[in-house]
Amino acid sequence: MLQASNVHFCIRQRPIVDEVSLELNPGEILAVLGPNGAGKSTFFKLLSGEIKCKHGSVGYNGHEINKLKARDLAAVRAVMPQHTQVNFPFTVQEVVELGLISTRVKQPAKLIEEVLEATNTSHLKDQIFNNLSGGEKQRVQLARVLVQIWETKPFPRYLLLDEPTSSLDIAQQHAVLKILQTLKARNIGILVILHELNLAAQYADKIALLKNGLIAKSGTVEEVLEEKILEYVFDHPIQLIQNPVTGGVLISAAAQANTSQPSFKQA
Amino acid sequence: MNFALSHTKIQRQNLTLFGFGLVLVLVVIASLSLGAFSIPFPQTLAILFDQIGITTGTFEVQQANVLLQIRMPRVLMAMLVGGGLGIAGAALQGMFRNPLVEPGLIGVSTGSALFAVIFMVLVPTISSLAWIKTLGLPLFAFVGGLICVTAVYQLSKSQGRTDAATLILAGVAINALAAALIGLVLFFADDSALRSFTFWSLGDLGGATWAKIPVSLTLIGVPSILLLFNSRQLNALALGEQEAFHMGVNVQQVKVRLLVSSALIVGVGVSMVGMIGFVGLVVPHLIRILFGADHRLVLPGSFLLGAILMNFADLIARVIVIPAEMPIGVITALIGAPFFIWLIFNLNKTKN
């Protein structure tokens with residue numbers, strides 16, 4: 001289990017993440033949603049070990065994160081940040097191979113091939129990473145991250161993704177979330193920051209709503225998806241509609257009627 | 001370590017390195033043979049083979065003396081310093097994630113020179129102890145280089161990424177400060193110290209003797225080998241420090257290793273032959289353009305190509321104005337500066 005208890009982080013006395021507690025079990029997808037500036041990315045960095053919390057603790061499978069070496073941490077969790085720049089002319093294959101830098105696997109070549117296939121990037125493997133389009137880059141980075149945890153292991157592992165679908169078209173967005181679903185069967189817990197509420201509603205098992213550094217609501221998809229809560233969190237009118245074809249829930253964010261108020265709020 | 005590489009790629013990398021090695025051997029033989037006192041190729045080879053006990057021809061004792069006592073240490077020094085500058089440049093570029101980084105630009109060379117000058121001015125009184133001079137000078141230069149490069153790195157780093165503009169500004173500032181301090185020290189120096197300084201500014205391989213080789217071989221060779229063991233970590237760092245950490249790299253430890261090794265290599269190089277510009281910039285670039293960015297090739301390739309270029313530059317420096325000698329820094333800058341301009345030009349083009 002990935003467990004965060006009372007995690008706290010502030011910049012100049014202003015709390016960015018305020019006493020947040022959250023649990024992620026292997027085999028489930030937890031979507032973290034919230035408006036800009038809610039503290040999602042900071043919370044994400046606290047979980048990944050990039051920054052250390054002022055107080056509170058993060059534990060992986062019962063091990064305190066501060067006591068794990070970078071190498072041990074990499075064996076139980078993989079991280080996909082929002083943007084990754086590569087400054088030198090590395091090929092796609094070379095970038096993806098880097099995911100294996102601190103793990104030993106039996107058949108690296110086969111594993112990389114499988115991941116490239118799954119992320120629909122095998123045709124790009126000999127190209128220079130920097131020459132790819134935004135969406136292609138994002139898929140290659142996903143491949144690099146997946147390589148790190150692709151081989152099945154006897155202990156639970158975790159995958160953290162910060163907006164992995166931000167540059168992808170609709171088909172690719174769904175393709176990525178489908179890959180995440182298949183990972184559940186590998187005893188992997190997935191935490192994903194998403195902007196698209198409907199993607200979260202369709203694929204996540206649990207949702208946590210973050211606002212002003214606090215968890216506004218967390219629970220199963222049914223528990224969290226309520227118009228009132230969503231309207232409070234996003235400061236925007238939201239309607240839940242039943243999808244006439246699939247019967248699932250559709251989240252509609254209609255334009256605010258009859259308001260002359262500018263909708264940009266300070267983050 | 002190479003488990004994730006496909007076989008063909010390993011073969012290609014090995015073949016490339018073998019090719020560089022071959023070119024290096026040819027340049028070395030040319031460099032041993034040509035100069036103010038010319039030794040024909042057959043004699044050159046005969047002298048070399050004679051050293052390992054194989055007789056292939058006759059030669060004069062004078063020829064053997066010039067080759068073994070004067071040119072050989074010089075060629076070895078050029079290999080060590082040129083190769084060292086190449087591999088240190090490649091490692092620093094990788095660590096800073098910036099292709100413009102060069103030991104001269106980010107203060108390592110100037111810092112080393114400053115401390116070397118301080119050493120030369122302050123320590124002559126105890127220089128009767130030979131070992132202090134042979135070991136103290138390079139180590140002192142290393143400390144100076146390490147201080148400057150650490151300062152530049154700390155100034156230019158924000159959130160695990162080095163900002164190119166701040167990096168250049170910090171480099172310029174630190175270089176200016178070190179240069180001013182060099183001037184200040186020289187102001188209080190006597191004539192002999194001043195004379196020995198003139199050789200710092202442009203670099204000179206003429207002072208290379210056998211006595212200096214063991215120290216250089218150890219203090220450049222060992223950190224160079226250490227750098228080679230960090231090539232995979234450098235590849236990971238190319239994605240960013242956070243990403244490298246996510247993948248299980250102990251970033252802080254790797255950075256310390258890279259900084260200390262590079263500063264040691266450059267510091268020792270500077271203390272032995274003076275400041276030689278552009279090798280550390282040009283060489284890793286050429287390798288990347290020709291063979292890709294994988295540091296498993298870039299690091300050893302940069303060492304070999306650096307050694308080749310340095311010997312080649314030294315050869316030119318010795319033969320174009322026979323019997324005089326051009327300072328080698330002039331030659332490397334003459335090759336390096338146009339390349340740098342071409343690089344800037346190309347960077348602009350790819351951006352538009």
Side-chain angles (χ1 to χ4, degrees), chain A residues 44-45 47-51 68-91 93-113 125-126 128-131 137 140-141 144-145 147-149 159-162, chain B residues 1-10 13 90 93-101 159-164 167 230-254 284-285 287-298 347 350-351:
Chain A
F44 183 86
K45 286 177 185 167
L47 289 180
S48 71
E50 239 175 84
I51 51 179
L68 290 171
K69 288 181 189 148
R71 198 185 180 85
D72 303 331
L73 201 52
V76 289
R77 69 100 182 82
V79 186
M80 179 169 170
Q82 241 179 79
H83 302 289
T84 296
Q85 270 190 338
V86 181
N87 286 18
F88 296 114
F90 282 95
T91 64
Q93 170 103 18
E94 284 167 341
V95 169
V96 175
E97 274 174 5
L98 282 175
L100 292 174
I101 185 166
S102 54
T103 43
R104 285 200 174 278
V105 294
K106 284 179 204 113
Q107 290 174 296
K110 186 164 161 269
L111 191 153
I112 286 168
E113 212 171 291
K125 72 175 183 211
D126 292 321
I128 300 293
F129 178 83
N130 281 335
N131 297 344
K137 279 183 184 169
V140 171
Q141 288 298 344
R144 183 214 13 120
V145 172
V147 153
Q148 197 178 326
I149 50 166
L159 174 61
L160 314 176
L161 308 107
D162 193 352
Chain B
M1 287 286 266
N2 285 335
F3 59 88
L5 279 179
S6 59
H7 265 294
T8 48
K9 194 176 164 190
I10 300 177
Q13 290 190 344
Q93 287 178 2
M95 195 193 110
F96 280 87
R97 308 182 69 230
N98 192 315
L100 294 181
V101 164
Q159 295 170 355
R161 291 166 204 279
T162 50
D163 174 51
L167 174 74
N230 283 291
S231 46
R232 275 171 63 83
Q233 282 80 348
L234 271 169
N235 283 346
L237 279 178
L239 299 187
E241 293 186 10
Q242 307 301 356
E243 284 80 354
F245 165 70
H246 295 152
M247 294 186 289
V249 174
N250 186 339
V251 175
Q252 208 53 39
Q253 197 187 352
V254 170
H285 263 290
I287 304 274
R288 270 196 216 98
I289 291 168
L290 295 174
F291 307 104
D294 189 342
H295 285 89
R296 280 169 289 190
L297 179 70
V298 171
L347 277 178
T350 48
K351 263 182 195 161

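Convention: sequence-line order gives letters A, B, ...; per-chain numbering from 1. We use all heavy atoms of the structure for the numbers below, so side chains are in, but hydrogens, waters and symmetry mates are not.
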- Item | A:P89 portion near chain B, given a 4.5 angstrom heavy-atom threshold | both
- Item | By side chain to side chain contact (heavy atoms under 4.5 Å, CB included) - contacts of A:A78 (at least two apart) | A:V145, A:Q148, A:I149, A:L159
- Note on the structure: Between A:T91 and A:D126 the two heavy atoms that sit nearest each other are CG2-O, 4.1 Å
- Options A:R71, A:Q107, A:K69, A:R77, ranked by heavy-atom pairs under 4.5 Å with chain B, top entry: A:R77
- Message: Please classify the contact of A:L73 with chain B as side chain, backbone, both or neither, using a heavy-atom distance under 4.5 Å.
- Response: side chain
- Task: State, to 0.1 Å, how close B:R97 and B:A238 come at their nearest heavy-atom pair, and which atoms those are.
- Result: NH2-O, 2.9 Å
- Item | Residue pair A:K125 / A:V96, side-chain heavy-atom distance below 4.5 Å | no
